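Only a predicted model underlies this, so the values are computations on that prediction, with no experimental measurement involved. In the text below, chain A, chain B and the rest are named by the order of the sequence lines, each starting its count at 1.
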Amino acid sequence: MGATLENREDKCTLTWPASSFAGLPCPPILRYNQRAMTEKYNPPEIEKKWQSRWEKTRLYATSEDSDRPKLYELTMFPYTSGDLHIGHWYAMAPADVHARFMRMKGYNVLHPMGFDAFGLPAENAAIDRDIHPHTWTMKNVENMRRQFHTMGAVYDWDREVVTCSPDYYRWTQWLFLKLHEAGLTYRAKAPANWCSRCQTVLANEQVTAEGRCERCGTAVIRKDLEQWFFRITRYADELMQHEGLDWPEQVKTMQRNWVGRSEGAEISFSIEEYGLDEKEIRVFTTRPDTTYGVTFMVLAPEHPLVEKLTSPEYKDRVDDYVNRARRQSEIERLSTERERTGLFIGAYATNRLNGEKVPIWIADYALLSYGTGAVMGVPAHDQRDFELAKEFGIPIKVVVAPDRWSGEELEEAYEEPGTMVNSGPFDGQPSEEGKDAIVAFMEENGYGKKAVSYRLRDWLISRQRYWGAPIPMVHCPRCGIVPVPEKDLPVLLPEDAEFKPTGESPLKYCEPFVNTTCPRCGKPAQRETDTMDTFVCSSWYFLRYCSPQHDDGPFDPQRLKYWLPVDLYTGGVEHATMHLLYARFFIKALRDMGIVDFGESFIKLFNQGKIIRGRQKMSKSRGNVVNPDEYVAESGADAMRAYLMFIGPWEQGGEWNDNGLIGITRWLNRIWNLVLAETEIVSVGRGPCPDTGEGHGGRTRGTDKELRRVTHQTIKKVNQDLERFHFNTMLAALMEFTNYLARLKEICAVKDSPAWKEAIDALLLLLAPAVPHLAEELWERTGHPYSIHHQPFPVWQEELVAEEEFTLVIQINGKVRDKVSVPVSISEAEVRELVLSRERIKAQVRHPIVRVIYVTGRLVNIVVK
RNA sequence: GCCGGGGUGGCGGAAUGGCAGACGCGACGGACUUAAAAUCCGUUGAACCUCAAGGUUCGUGCGGGUUCGAGUCCCGCCCCCGGCACCA
């Protein structure tokens with residue numbers, strides 16, 4: 001144990017605060033090997049110890065009878081895909097740190113966890129591995145739950161929610177029935193994503209960006225099936241509003257764009273001459289001002305009028321085109337590089353504004369699901385129409401003149417506002433005014449009106465798959481579609497269904513499930529065999545956490561009233577237009593039914609970034625996944641938690657790097673040694689800090705006063721950073737504090753000083769949210785009662801934070817030329833005098849001084865000619 | 001194409017319009033060690049001047065502007081990442 005005497009002179013240059021100890025008389029001290037003195041920091045051991053103690057003492061159990069203010073902090077629950085990967089840690093660990101912080105700040109914090117457990121991956125795994133989806137899922141849940149425990153989070157596991165459990169999906173079904181009662185569900189034929197190889201319908205998420213089946217790579221086609229929808233479009237306008245929500249601008253914008261409200265007009269074109277029941281083709285347009293420029297009509301290939309209007313000589317070609325369009329997949333569409341296709345169907349419609357007869361075409365750029373499924377073709381003022389017209393020689397009629405336009409042909413569609421021409425009585429009007437004028441005119445004459453159209457479609461919730469919540473409906477040959485009575489819920493998912501892909505819902509072939517009696521007439525009937533989209537399950541799970549065992553309804557209203565809405569919701573931005581939109585719709589619908597009394601569930605939303613590796617997203621196929629378990633076993637959960645936070649700003653994500661973890665591990669070791677290493681051995685030459693010691697700037701150095709100042713500055717910084725999710729800079733501040741304390745300890749006998757004790761206690765308390773196990777262990781070892789996580793978070797005293805001096809930066813023409821330490825109380829006049837009397841400055845000010853700018857407490861800038 | 005978010009040392013990243021590069025990694029030098037690891041101390045944006053103490057110039061993707069002063073604000077571009085993309 002070779003203790004060495006050293007000359008103190010060369011060790012007194014400390015870095016923080018800037019040269020704090022410079023100028024102190026430095027007696028020689030004894031160096032020693034701390035590691036040899038002290039028990040080693042052993043993360044796996046202490047983490048296991050505290051995790052089990054926290055659990056035994058139910059440290060994180062939450063209740064509703066608290067006199068503290070409530071705070072509901074929620075992290076998006078994970079899908080039960082197998083195990084918790086580093087991305088989950090990145091989402092969960094910092095959120096847990098924040099929840100712990102708020103707990104210590106005195107809030108009654110609900111920070112629950114659960115599992116999104118229904119869905120296709122389980123079923124696919126089942127098919128691949130010949131294992132039941134339930135078995136596969138529950139095995140994953142168990143594994144993920146175990147992994148969550150190693151993270152050391154504050155989750156109250158009594159509140160766990162697993163969406164595939166009958167206790168849960170019973171209420172998913174109940175909510176379906178409520179939506180049904182409210183008229184928010186309907187059944188309609190709709191195209192589904194169909195993989196002809198797997199013989200199955202795919203969810204949108206199962207179709208790759210290239211329009212292929214995620215599993216086998218076959219191009220997905222569309223197949224019409226009777227499906228259930230939720231009328232989310234009824235809430236389109238409200239979903240675009242985010243009043244009172246503290247959400248990222250990006251998400252709000254994405255949702256607004258997704259809903260895609262367009263204002264315009266619905267205009268009717270006459271087809272009376274064909275003697276059909278339908279006398280008109282209705283179109284939606286945002287440009288009623290261009291109605292005089294219509295030179296053709298376009299119907300979506302699937303439009304019901306196509307069959308009725310097609311003249312016999314065009315029938316074969318039209319059928320062919322329609323069939324091709326139906327089969328067309330996204331990939332084919334993209335590969336055609338926007339080449340316009342279309343076909344004249346041998347019929348005409350009349351533009352009632354000018355009496356012109358225009359040919360009716362079909363083209364795949366007209367979508368049945370948007371607007372009215374029909375478009376008026378105005379080639380001069382819509383690029384798609386323009387391309388079709390050019391391709392097939394349809395006339396192009398300019399009705400909105402660009403500036404300085406003198407009748408020449410257009411190179412491309414002119415889509416900007418202009419002056420109306422070739423528009424009868426409307427000639428000469430600015431086109432923007434013409435919009436209203438023309439709609440008003442049409443309205444008077446009964447063939448047009450103002451209209452709004454949305455990009456948002458109703459939510460297709462049917463899945464022709466096994467592993468989901470059964471839709472609680474019965475098909476009765478006599479009574480039609482009849483809802484299952486509430487008392488008969490849940491409609492249990494049968495365990496023994498054959499879930500191999502056959503192209504139809506697996507439940508269809510499960511006779512004991514299908515065959516039932518009609519709840520209305522009591523005669524034999526069949527159950528609905530589709531299951532619900534998993535997004536239905538996740539649209540209300542945050543309500544269930546309030547009272548997960550409640551069996552009188554989806555939640556206990558009293559407890560819901562206590563906890564909801566969620567104060568802080570964190571998760572990935574990828575859910576902006578799916579889960580978050582669905583959940584908002586659900587809550588608005590429940591509000592309108594009087595089931596809840598609020599219309600938004602997530603007051604503040606925060607999106608963390610993604611963690612990548614090798615500049616790429618982590619994925620099993622790339623082989624770049626980081627398995628957190630190995631790192632936890634080696635370095636500990638505390639190091640993992642801290643490292644993930646230290647990578648960079650939470651909202652930006654970042655790259656995983658093993659070396660970064662090393663730095664954190666070293667730091668945690670330094671904390672361990674700082675707090676625990678015995679100091680008695682270091683006795684030679686060691687004396688009390690010179691409490692009245694004067695630094696070179698007349699400032700006291702290495703004193704209790706300074707120690708307390710640094711302590712309180714750190715407390716302030718950590719509080720403010722945690723408040724704003726600035727975990728990386730919070731850790732940097734704690735590292736600086738640790739470094740400062742370690743140096744102080746080395747030169748002064750600080751052990752028994754109250755300021756030192758305050759500093760170490762504060763350090764541990766500030767560390768508690770980020771590295772809960774280490775903080776708890778050191779808290780115990782420094783003689784405090786269990787548990788540090790019941791302690792209040794340190795609060796700074798502003799008067800202790802204040803510096804007595806500051807470094808005045810002296811600039812000449814904006815360039816730093818000198819610095820001097822001055823008391824904070826210095827007046828501007830004194831600054832001027834001091835600065836101008838300095839030799840260095842005098843020497844450099846060679847020209848007349850124009851101005852002197854003094855920024856209080858910071859710098860002075862001498863402006864010379 | 002449209003909508004977001006970015007571009008700062010060798011790397012991850014700090015900086016209410018006021019000392020650019022905190023904190024960490026890496027690298028280099030030193031202490032300890034038979035040696036290595038670990039640990040500790042120091043140096044570390046670039047170029048230049050100086051025996052030295054120290055000093056000068058340049059520097060936050062590019063080009064302009066505002067300002068006493070710009071990584072930060074304004075205008076015009078370039079590049080990277082993410083999302084949306086025939087929505088009439």
Side-chain angles (χ1 to χ4, degrees), chain A residues 2 4 6 10-11 13 15-16 31-36 248-254 256-258 260-262 264 283-287 290 298 300 333-334 336 338 340 363-367 369-378 381-385 387 453-457 573-574 576-577 607 609-610 612 615 617 643 646-649 651-664 666-667 669-670 673 726 728-736 738-739 742 746 807-816 818-819 850-853 855 857-864:
Chain A
T4 318
E6 249 188 58
D10 53 15
K11 316 189 58 256
T13 326
T15 57
W16 192 83
R31 292 287 304 279
Y32 62 97
N33 185 348
Q34 290 187 325
R35 301 287 300 273
E249 215 44 55
Q250 183 190 6
V251 174
K252 292 194 278 188
T253 308
M254 282 169 81
R256 276 195 299 268
N257 292 344
W258 187 264
R261 181 187 163 97
S262 296
V283 303
F284 173 76
T285 180
T286 53
R287 294 297 302 276
T290 64
V298 188
R333 275 201 203 168
L334 288 168
T336 53
R338 290 169 172 260
R340 285 286 157 237
D364 56 15
Y365 73 84
L367 308 174
S369 53
Y370 186 78
T372 59
V375 180
M376 62 184 206
V378 187
H381 307 293
D382 180 284
Q383 188 58 25
R384 291 156 303 176
D385 298 343
E387 286 163 16
S453 197
Y454 299 92
R455 190 188 162 281
L456 182 73
R457 310 293 150 85
V573 71
E574 64 272 18
T577 53
N607 299 124
K610 279 187 204 29
I612 55 168
R615 271 180 235 154
K617 218 170 128 177
Y643 173 57
F646 193 61
I647 289 176
E651 66 274 22
Q652 273 172 36
E655 175 137 12
W656 174 267
N657 182 346
D658 285 8
N659 287 333
L661 188 60
I662 291 168
I664 293 291
R666 290 211 271 248
W667 173 53
N669 268 305
R670 283 206 305 279
N673 292 328
H726 290 190
N728 55 333
T729 49
M730 167 198 73
L731 290 176
L734 285 169
M735 286 174 184
E736 287 184 77
T738 312
N739 294 344
E746 199 166 283
T807 304
L808 177 70
V809 172
I810 306 166
Q811 298 183 335
I812 296 173
N813 282 351
K815 292 195 170 163
V816 180
D818 199 3
K819 291 172 194 180
V850 180
R851 274 168 88 170
V852 176
I853 289 151
V855 183
R858 284 185 192 275
L859 61 67
V860 62
N861 188 11
I862 302 162
V863 185
V864 299

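- One atom, CG of A/Leu661, and another, P of B/rG24, lie 15 Å apart when rounded to the nearest Å.
- Note on A/Ser453: nothing from the nucleic acid sits closer than 4.0 angstrom, heavy atoms only.
- Residue A/Tyr643 forms a side chain to side chain contact (heavy atoms under 4.5 Å, CB included) with just one option from A/Ile664, A/Leu731, A/Ile662, and that option is A/Ile664.
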Evaluation steps, side-chain contact (heavy atoms from CB on, under 4.5 Å), between A/Thr286 and A/Phe284: CA-CA 7 Å; A/Thr286 53; A/Phe284 173 76; 4.1 Å; yes
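- Between A/Arg384 and A/Glu387, none of the side-chain N atoms (NZ, or NE/NH1/NH2) sits under 4.0 Å from a carboxylate O, so this pair counts as no salt bridge.
- Side-chain atoms of A/Asp382 do not come within 3.5 Å of backbone N or O of A/Gly377 as any donor-acceptor pair.
- Contact annotation: A/Arg666 does not reach the phosphate of B/rA38 (side-chain N/O to OP1 or OP2, under 4.0 Å).
- Of the nucleotides present, B/rC75 is the one that pairs with B/rG63 by Watson-Crick or G-U wobble criteria, both distances under 3.5 Å.
- Considering CD of A/Glu651 and NE2 of A/His726, their distance stands at 6.0 Å, rounded to 0.5 Å.
- With B/rA14, B/rC87, B/rG18 as the candidates, the nucleotide lying closest to the side chain of A/Val855 is B/rG18.
- Under the Watson-Crick or G-U wobble criterion, with both distances below 3.5 Å, B/rG1 is paired with B/rC84.
- Comparing the C1' positions of B/rG21 and B/rG71 gives an interatomic distance of 11 Å, to the nearest angstrom.
- Both A/Gly260 and A/Val809 lie close to RNA chain B; mapped to their nearest nucleotides by heavy-atom distance, the more 5′-ward contact belongs to A/Val809.
- Between B/rG4 and B/rA88, the two C1' atoms lie 25 Å apart (nearest whole Å).
- Comparing B/rU44 with B/rG6, their P atoms sit 31 Å apart, to the nearest whole Å.
- Nucleotides B/rU60 and B/rC11 are separated by 15 Å at their P atoms, to the nearest Å.
- Residue contacts for A/Ile647: at a heavy-atom cut-off of 4.0 Å it reaches the sugar-phosphate backbone alone, with no base atom in range.
- Of the candidate nucleotides B/rG24, B/rC25, B/rA85, B/rA85 has the atom lying nearest to any side-chain atom of A/Arg455.
- Where A/Asn657 and A/Arg670 each meet RNA chain B at their nearest nucleotide, the meeting point lying more 5' is that of A/Asn657.
- Counting non-hydrogen atoms under 4.0 angstrom, A/Ala576 reaches nothing in the nucleic acid.
- At a cut-off of 3.5 angstrom, counting only N and O atoms as typed in the model, there is no donor on one side facing an acceptor on the other between the side-chain of A/Arg256 and the base of B/rC3.
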Test log, rule side-chain contact (heavy atoms from CB on, under 4.5 Å), inputs A/Ile810 and A/Leu859: CA-CA 6 Å; A/Ile810 306 166; A/Leu859 61 67; over 6 Å; no
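- For A/Ser262, a side-chain nitrogen or oxygen approaches OP1 or OP2 of B/rA88 to under 4.0 Å.
- The pairing partner recorded for B/rC23 is B/rG12, the criterion being a Watson-Crick or G-U wobble arrangement whose two distances lie under 3.5 angstrom.
- Using a 4.0 Å heavy-atom cutoff across all strands shown, A/Asn813 reaches no nucleic acid atom at all.
- Between the CD atom of A/Glu736 and the P atom of B/rC23 there is a distance of 5 Å, rounded to whole Å.
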For A/Ile853 and A/Gln811, run side-chain contact (heavy atoms from CB on, under 4.5 Å): C-alpha distance rounded to whole Å, both residues' side-chain angles, the deciding distance at 0.1 Å, then the answer. CA-CA 10 Å; A/Ile853 289 151; A/Gln811 298 183 335; over 6 Å; no
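- When heavy atoms are screened at a 4.0 angstrom cut-off, A/Asn728 is found touching the sugar-phosphate backbone but no base atom.
- OP1 or OP2 of B/rG5 has not a single side-chain nitrogen or oxygen of A/Asn607 nearer than 4.0 Å.
- A/Pro248 comes within 4.0 angstrom of no nucleic acid atom, judged by non-hydrogen atoms across all strands.
- Distance A/Ile662 CD1 to B/rA37 P: 14 Å, rounded to the nearest Å.
- When each of B/rA88, B/rA15, B/rC68 is scored by its nearest atom to the side-chain atoms of A/Ile853, the top-ranked nucleotide is B/rC68.
- When each of B/rG13, B/rC87, B/rC86 is scored by its nearest atom to the side-chain atoms of A/Arg340, the top-ranked nucleotide is B/rC86.
- In this entry the base of B/rG82 is anti relative to its sugar, with a glycosidic angle more than 90° from 0.
- Separating the P atom of B/rU72 from that of B/rG76 is a span of 16 Å, rounded to the nearest Å.
- When distances are taken from the side chain of A/Phe646 to each of B/rG26, B/rG24, B/rG13, the shortest belongs to B/rG24.
- A/Asn659 has its CG atom 8 Å from the P atom of B/rA27, to the nearest Å.
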Would A/Arg670 and A/Thr738 count as a side-chain hydrogen bond (donor to acceptor under 3.5 Å, both in side chains) if you check the C-alpha gap in whole Å, the side-chain angles of each, and the deciding distance to 0.1 Å? CA-CA 8 Å; A/Arg670 283 206 305 279; A/Thr738 312; over 6 Å; no
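- The nucleotide whose nearest atom lies closest to any side-chain atom of A/Gln652 is, among B/rG6, B/rC3, B/rG18, B/rG6.
- Atom C1' of nucleotide B/rC19 and atom CG of A/Asp818 are separated by 12 Å, given to the nearest angstrom.
- Across all strands shown, A/Val375 has heavy atoms under 4.0 Å from base atoms, whether or not it also approaches the sugar-phosphate.
- With a cut-off of 3.5 Å on both pairing distances, the Watson-Crick or G-U wobble partner of B/rG29 is B/rC41.
- Residue A/Thr253 has its side chain nearest to B/rC3 when only B/rA88, B/rG18, B/rC3 are considered.
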Tell me, with the steps shown, if A/Asn861 and A/Arg851 meet side-chain hydrogen bond (donor to acceptor under 3.5 Å, both in side chains). CA-CA 8 Å; A/Asn861 188 11; A/Arg851 274 168 88 170; over 6 Å; no
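- Remark: C1' of B/rG18 and NZ of A/Lys819 are 13 Å apart, rounded to the nearest angstrom.
- If you check B/rG13, B/rC68, B/rC19 against the side chain of A/Pro649, the one that comes closest is B/rG13.
- A close approach under 4.0 Å does not occur between any side-chain nitrogen or oxygen of A/Arg384 and OP1 or OP2 of B/rC86.
- Within 4.0 Å (heavy atoms only), A/Lys815 reaches sugar-phosphate atoms of the nucleic acid but no base atom.
- Closest to the side chain of A/Asp364, out of B/rC68, B/rC86, B/rG18, is B/rC86.
- As a whole-Å value, the separation of A/Arg858 CZ from B/rU16 P is 9 Å.
- Atom CD in A/Gln811 sits about 17 Å away from atom P in B/rU67, given to the nearest Å.
- Here the side chain of A/Leu859 is nearest to one of B/rA88, B/rG18, B/rC23, namely B/rG18.
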